[in-house]
Protein chains: 2
Amino acid sequence: MKEKATSFDIAHRAGVSQSTVSRALNNSPLVSKETRDRIVEIARELNYQVDKNASNLRKQKSNTLALLLFEDPTTDDSLINPFFLSMLGSITRASASQGYDLLVSFQNMQSDWHAEYEDSNKADGIILLGYGDYSAYRSKLDQLEEQGTHFVRWGAQDKAHPGVNIGCDNYQGGFDVTNHLIGLGYTSFAFIGDNSEDAPEFRARYQGFADALDKQGLSGESQRQINAHSTEPSGYAAMKAMLNDATLPRAVVCASDLIAVGVYDALREANLRVPEDVAVVGYDNIPISGYTTPALTTVRQNTTKAGELLVDTLIKAINKEVVEDYLMPAELIVRRSCGAQ
Amino acid sequence: MKEKATSFDIAHRAGVSQSTVSRALNNSPLVSKETRDRIVEIARELNYQVDKNASNLRKQKSNTLALLLFEDPTTDDSLINPFFLSMLGSITRASASQGYDLLVSFQNMQSDWHAEYEDSNKADGIILLGYGDYSAYRSKLDQLEEQGTHFVRWGAQDKAHPGVNIGCDNYQGGFDVTNHLIGLGYTSFAFIGDNSEDAPEFRARYQGFADALDKQGLSGESQRQINAHSTEPSGYAAMKAMLNDATLPRAVVCASDLIAVGVYDALREANLRVPEDVAVVGYDNIPISGYTTPALTTVRQNTTKAGELLVDTLIKAINKEVVEDYLMPAELIVRRSCGAQ
DNA sequence: CTGAAAGCGCTTACAG
DNA sequence: CTGAAAGCGCTTACAG
């Protein structure tokens with residue numbers, strides 16, 4: 001392993017000062033073409049690369065974005081929610097195309113957010129992503145705000161909440177999918193998914209569900225709701241409980257696709273057919289949803305666009321531009337599980 | 001936004017020198033408990049965080065790993081191979097648990113690898129991940145090697161190749177899954193997936209396929225092979241071509257699950273049932289494979305373990321420990337698509 | 001167009 | 001146990 005070349009090595013070989021090397025390599029117009037060409041050539045020969053730490057230290061910015069993924073503490077360690085995996089992919093792409101590096105880390109809600117502070121020094125801004133306990137989350141956001149850290153958050157809109165939110169209209173998504181079921185003639189419903197302050201996304205989906213029913217005079221139906229977080233086993237357990245305790249709803253609205261897949265399992269076990277006996281719809285449009293039998297009707301959050309929006313907004317904030325919340329429309333994806341076809 | 005606090009600010013407030021602050025915050029045993037406690041307290045008050053750029057510059061290491069994802073140039077931009085997404089997840093976890101930050105970037109094969117060089121200054125080492133054109137790839141590896149960059153590569157073993165490889169036994173996987181089909185009584189076969197030097201993983205799977213057939217005196221069968229890269233449309237097109245041109249094989253071995261899903265599409269369109277008319281097996285065990293109808297028999301590469309192995313090996317290499325190639329066993333996952341059940 | 005010099009914020013020998 | 005000082009490798013006013 002060779003010694004790493006520095007700008008001084010190049011200056012020496014080129015017979016110029018180190019300042020000139022730096023200028024040439026940064027495409028400063030102050031350098032003559034011949035000098036620049038010579039320097040660039042030598043830099044190539046020496047496999048020279050600017051030391052980012054030195055350069056960033058001097059420039060006081062890092063050209064790096066940090067992505068913090070919050071996991072639901074109840075999630076199995078080996079499994080990342082496919083929706084977030086997809087977001088991770090699109091955010092990675094979006095930052096690359098903007099010329100920013102992306103630092104990725106997982107963050108446990110319980111931890112003391114040590115990592116964030118560290119990241120806040122290595123990155124110009126932070127993207128926050130994750131379901132999870134919102135109340136715990138809140139105080140951390142205040143800390144970030146106080147620190148003057150630039151950040152954007154993916155998730156539910158919240159006026160009282162500091163910082164910028166990019167999110168998908170969960171209320172509308174819940175409303176639309178439920179309305180679609182109503183249009184198909186169903187009259188008995190249940191919602192499976194958390195409905196608490198700690199899970200604002202799921203809660204908004206539930207609100208949309210309830211309001212859609214109310215609007216059609218089916219208000220009594222909106223009461224049927226069972227908590228579940230976004231995993232297949234949790235959905236399975238919730239549906240199982242419903243099969244034991246209640247009269248069977250004809251249509252089940254799930255707060256996520258993963259829950260819906262668990263609901264499929266429970267129904268299959270009970271020898272009930274989807275959608276003939278029970279219609280099921282999900283949320284997220286994870287890849288699996290198109291391949292289940294029957295294919296799952298769901299609500300799509302456009303992750304490609306979401307990633308771009310998060311990255312663009314954060315970069316604007318870093319550049320001191322004014323940024324504001326953005327609510328993406330949710331998109332209903334109709335497949336076989338709701339009995340439409 | 002407040003000014004960011006530096007170690008001098010803390011020193012001033014604590015009435016000690018800046019060196020002492022640095023020592024205290026780095027848990028140096030040279031600082032008395034009282035001094036340390038006072039300093040830590042003040043640091044907390046000021047929301048102080050070490051400037052990583054300065055610290056890294058001084059220490060000449062970054063505690064950061066870079067993950068480079070190579071995309072197949074033919075891949076649709078909006079879609080990341082789910083297998084890599086899964087690896088990305090496990091690598092992120094593994095680096096976090098080792099206390100390393102992870103820099104993620106996509107790399108187009110055509111590009112001049114500018115990014116790598118840059119990354120090589122921000123990171124202590126690089127993890128390379130991706131299918132793609134191996135011949136183009138090769139020369140880049142030599143460059144990295146020459147630069148003295150620490151790196152590990154996920155992929156096919158290759159004696160002639162520089163650096164350390166962690167991979168899954170593609171030959172064995174191809175052999176096992178084919179052997180399993182033979183055991184079920186099939187006698188006519190086809191392989192769908194590239195078989196060229198540029199795709200060594202697929203090629204090794206094909207070799208396993210061919211050798212399994214040879215061993216049972218079915219050598220003639222090993223000739224039936226159609227190129228396809230790892231996408232659903234590519235698998236669809238390949239199966240379509242086979243349906244038109246050749247007598248139908250009873251069992252199709254696909255070089256990846258994505259290809260197999262495309263094969264399903266083509267067979268469904270031709271009103272052929274899986275596995276009654278044609279048995280199909282895939283490779284990778286992506287999440288979707290468990291949810292197709294019928295569920296897809298496939299070969300699992302343990303991504304969790306792979307991620308840990310890549311990260312651990314790279315960190316060892318960074319610490320100048322001796323590291324060597326590792327070949328993980330492939331694991332056959334039998335589901336309905338092969339007709340076993 | 002070019003060079004000499006300051007300084008980004010740390011860590012760590014060196015001296016006490 | 002603590003402080004004064006050097007230096008990591010850059011970028012960029014400042015002076016010519």
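Every chain is numbered from 1, with letters handed out A, B, ... down the list of sequences. Since we're looking at a predicted model, the values are computed, not measured.
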Less than 4.5 Å apart, any side-chain heavy atom of [X] and any of [Y]?
{"X": "A:E34", "Y": "A:D37", "value": "no"}
{"X": "B:H150", "Y": "B:D124", "value": "no"}
{"X": "A:Y48", "Y": "A:I10", "value": "yes"}
{"X": "B:N56", "Y": "B:N63", "value": "no"}

State which of [options] makes the closest approach to the side chain of [X].
{"X": "B:F8", "options": "C:dC10, D:dC10, D:dG9", "answer": "C:dC10"}
{"X": "A:V50", "options": "C:dC1, D:dC10, C:dG9", "answer": "D:dC10"}
{"X": "B:R23", "options": "C:dC10, C:dT12, D:dA13", "answer": "C:dT12"}
{"X": "B:Q18", "options": "D:dT2, D:dC10, C:dC10", "answer": "C:dC10"}
{"X": "A:T20", "options": "D:dC10, C:dG3, D:dG3", "answer": "C:dG3"}

Round to a whole Å and report the spacing from [atom1] of [X] to [atom2] of [N].
{"X": "A:L57", "N": "C:dG9", "atom1": "CG", "atom2": "C1'", "answer": "6 Å"}
{"X": "A:L30", "N": "C:dG3", "atom1": "CG", "atom2": "P", "answer": "12 Å"}
{"X": "B:N26", "N": "C:dC10", "atom1": "CG", "atom2": "P", "answer": "10 Å"}
{"X": "B:L25", "N": "C:dT12", "atom1": "CG", "atom2": "P", "answer": "13 Å"}
{"X": "B:I10", "N": "C:dC10", "atom1": "CD1", "atom2": "P", "answer": "8 Å"}
{"X": "A:D51", "N": "C:dC8", "atom1": "CG", "atom2": "P", "answer": "18 Å"}
{"X": "B:K59", "N": "C:dT12", "atom1": "NZ", "atom2": "P", "answer": "7 Å"}
{"X": "A:D124", "N": "C:dC8", "atom1": "CG", "atom2": "C1'", "answer": "15 Å"}

Mind checking if [X] touches a base, just sugar-phosphate, or nothing, with heavy atoms under 4.0 Å?
{"X": "B:N56", "answer": "nothing"}
{"X": "B:S22", "answer": "base"}
{"X": "B:S19", "answer": "base"}

Note to self: If you compare every side-chain N and O of B:Y48 against the phosphate oxygens of C:dG9 (OP1, OP2), does one of them come in below 4.0 Å?
What the structure shows: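 False: B:Y48 side-chain N/O out of range (4.0 Å or more) of C:dG9 OP1/OP2.
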So which atom in [X] and which in [Y] form the shortest heavy-atom distance, rounded to 0.1 Å?
{"X": "B:Q98", "Y": "B:D312", "value": "NE2-OD1, 2.6 Å"}
{"X": "B:S86", "Y": "B:T303", "value": "OG-OG1, 3.1 Å"}
{"X": "B:L128", "Y": "B:I126", "value": "CD2-CG2, 3.9 Å"}
{"X": "A:A94", "Y": "A:E308", "value": "CB-CA, 3.8 Å"}

Check: Closer to the 5' end of DNA chain C via nearest nucleotide, is it A:V16 or B:V21?
Finding: A:V16
Next item on the list: Flag yes if more than 12 heavy atoms outside A:R13 fall under 6.0 Å of its CZ atom; otherwise flag no.
Entry: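 It does not: A:R13 CZ has 12 such atoms or fewer within range.
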Margin query: Are more than 12 heavy atoms, taken from residues, nucleotides or ligands other than B:E321, located less than 6.0 Å from that residue's CD atom?
Written below: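 For B:E321, atom CD is crowded (more than 12 foreign heavy atoms under 6.0 Å).
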Notebook entry, point to check: How does DNA chain D read in dot-bracket, base by base from 5' to 3', with Watson-Crick or G-U pairs under 3.5 Å and | used when the partner is on another strand?
Noted result: |||.||||||||.|||
Notebook entry, point to check: When rounded to the nearest Å, what value does the distance between C1' atoms of C:dT12 and C:dG16 take?
Noted result: 16 Å
Item checked: Those residues of residues 32-43 of chain A lying under 4.0 Å from DNA chain C by at least one heavy atom ->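 Nucleic-acid contacts, sorted: A:S32, A:T35.
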Notebook entry, point to check: B:S17 or B:Q60: which one's nearest nucleotide on DNA chain D is closer to the 5' end?
Noted result: B:S17
